[in-house]
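All values reported here derive from a predicted model rather than from experimental measurement.
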Amino acid sequence: MAKTICKLLGVVFVLVGIAGFVPSAQNLLGAHLSMAHNIVHIVSGLLALYFGFAGSLGGARGFALVFGAVYLLLGIAGFVMGSQGSSEMANMMTPDSHLWKVLPGTLELGTADHGIHIALGVIFLLGALATRTGGARTGD
């Protein structure tokens, strides 16, 4: 299951990272997609694709476990650290009740970002926890 999750979400991450460079998609699903955020998505997606296609089952499980925990915690931290405000990034001036300006004007995460990060964290964690390694089971 972890390899499948890495493959599927790896493709999604890379596509979202690329789409974020298109000006009309910089507010995709309400997310704050800046150049820094897009690069993080592309690198994350490439790592996930590596573990999904070329990595071992144990490696994919480990990646999904760590990556899922990081994304889940990032989403939770965003809700805790975020506050009422407006983004300083172009095309994203809409007020947000949980805006977290990680790097003001460069990397800002809003309510939609936090929800997406939590959902992705849960999906990666479920994929990792549903994967058994070292037993009779091989493959996904």
Side-chain angles (χ1 to χ4, degrees):
M1 181 66 112
K3 287 179 77 74
T4 301
I5 293 294
C6 286
K7 290 173 189 174
L8 293 174
L9 291 182
V11 169
V12 170
F13 269 85
V14 169
L15 290 176
V16 168
I18 292 169
F21 286 107
V22 177
S24 62
Q26 288 180 340
N27 202 6
L28 185 67
L29 299 174
H32 295 77
L33 300 178
S34 64
M35 185 183 329
H37 205 168
N38 296 332
I39 291 169
V40 168
H41 286 150
I42 292 170
V43 171
S44 298
L46 292 174
L47 282 169
L49 288 171
Y50 169 78
F51 283 104
F53 285 102
S56 67
L57 183 60
R61 182 181 188 277
F63 173 81
L65 192 61
V66 170
F67 197 73
V70 167
Y71 260 66
L72 179 61
L73 291 173
L74 179 65
I76 293 168
F79 279 115
V80 172
M81 302 290 291
S83 61
Q84 182 69 38
S86 293
S87 176
E88 296 177 21
M89 299 185 314
N91 303 325
M92 296 176 222
M93 305 298 189
T94 322
D96 193 301
S97 61
H98 291 94
L99 184 66
W100 183 17
K101 295 182 180 185
V102 181
L103 296 171
T106 303
L107 182 59
E108 300 179 353
L109 305 173
T111 303
D113 298 290
H114 310 322
I116 292 167
H117 290 153
I118 289 171
L120 289 169
V122 168
I123 292 168
F124 271 106
L125 285 171
L126 290 175
L129 296 174
T131 301
R132 298 179 202 262
T133 58
R137 193 169 173 213
T138 59
D140 280 339

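Judged by distance alone, the side chain of T131 and the main-chain N or O of A2 form a donor-acceptor pair under 3.5 Å. Under the 3.5 Å distance criterion, the side-chain polar atoms of D96 are matched with a main-chain donor or acceptor of T111. With hydrogens and angles ignored, the 3.5 Å screen pairs a side-chain donor or acceptor of N38 with a backbone N or O of G20. Without hydrogens or angle criteria, S34 side chain to T106 main chain gives a donor-acceptor distance under 3.5 Å. In this structure a side-chain-to-backbone donor-acceptor pair under 3.5 Å is missing from H114 to I76.
A cation-pi arrangement is absent between K3 and F51 under the rule of less than 6.0 angstrom and at most 45 degrees off the ring axis.
Distance check: L49 CG to L8 CG gives 9.5 Å after rounding to the nearest 0.5 Å. Note that CG of L103 and CD of E108 are 9.0 Å apart. Values are rounded to the nearest 0.5 Å. How far CD1 of I118 is from CD1 of I123: 12.0 Å, rounded to the nearest 0.5 Å. In this structure, CG on L120 lies 10.0 Å from CD1 on I5, to the nearest 0.5 angstrom. Interatomic distance, H32 NE2 to K101 NZ, rounded to the nearest 0.5 Å: 9.5 Å.
F124 and F67 have perpendicular rings, their planes meeting at more than 60° on a 0 to 90° scale where under 30° would count as parallel.
Note on I116 and L73: separate hydrophobic clusters, where clusters join Ile, Leu, Val, Met, Phe, Trp and Tyr whose side-chain heavy atoms are under 4.5 Å apart, directly or indirectly. V22 and L15 fall into different hydrophobic clusters, defined by Ile, Leu, Val, Met, Phe, Trp and Tyr side-chain heavy atoms under 4.5 Å apart, directly or through other members. Hydrophobic clustering of Ile, Leu, Val, Met, Phe, Trp and Tyr side chains at less than 4.5 Å, counting indirect connections, unites L74 with V102. Hydrophobic clustering (ILVMFWY, side-chain heavy atoms < 4.5 Å, transitive): L72 and V66 are in distinct clusters. When the side chains of ILVMFWY residues are joined at heavy-atom separations under 4.5 Å, either directly or via intervening members, V14 and M35 end up in a single hydrophobic cluster.
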Evaluation steps, ring pair (Phe, Tyr, Trp, His ring centres under 6.0 Å), between F13 and Y71: CA-CA 13 Å; F13 269 85; Y71 260 66; 5.6 Å; yes
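Atom OH of Y50 sits in a sparse spot, with 12 or fewer heavy atoms from other residues, nucleotides or ligands closer than 6.0 Å.
Contact annotation: the side chain of L107 approaches that of L109 to within less than 4.5 Å [non-hydrogen atoms, C-beta and beyond].
The minimum heavy-atom distance linking R61 with A128 is given by the pair NE-O, 3.0 Å. Between S86 and P95, the shortest heavy-atom contact is OG-CA, 3.6 Å. Closest approach of C6 and A60 over heavy atoms only: SG-O, 4.0 Å.
Side-chain contact, S97 with Q84: no donor N or O sits under 3.5 Å from an acceptor N or O.
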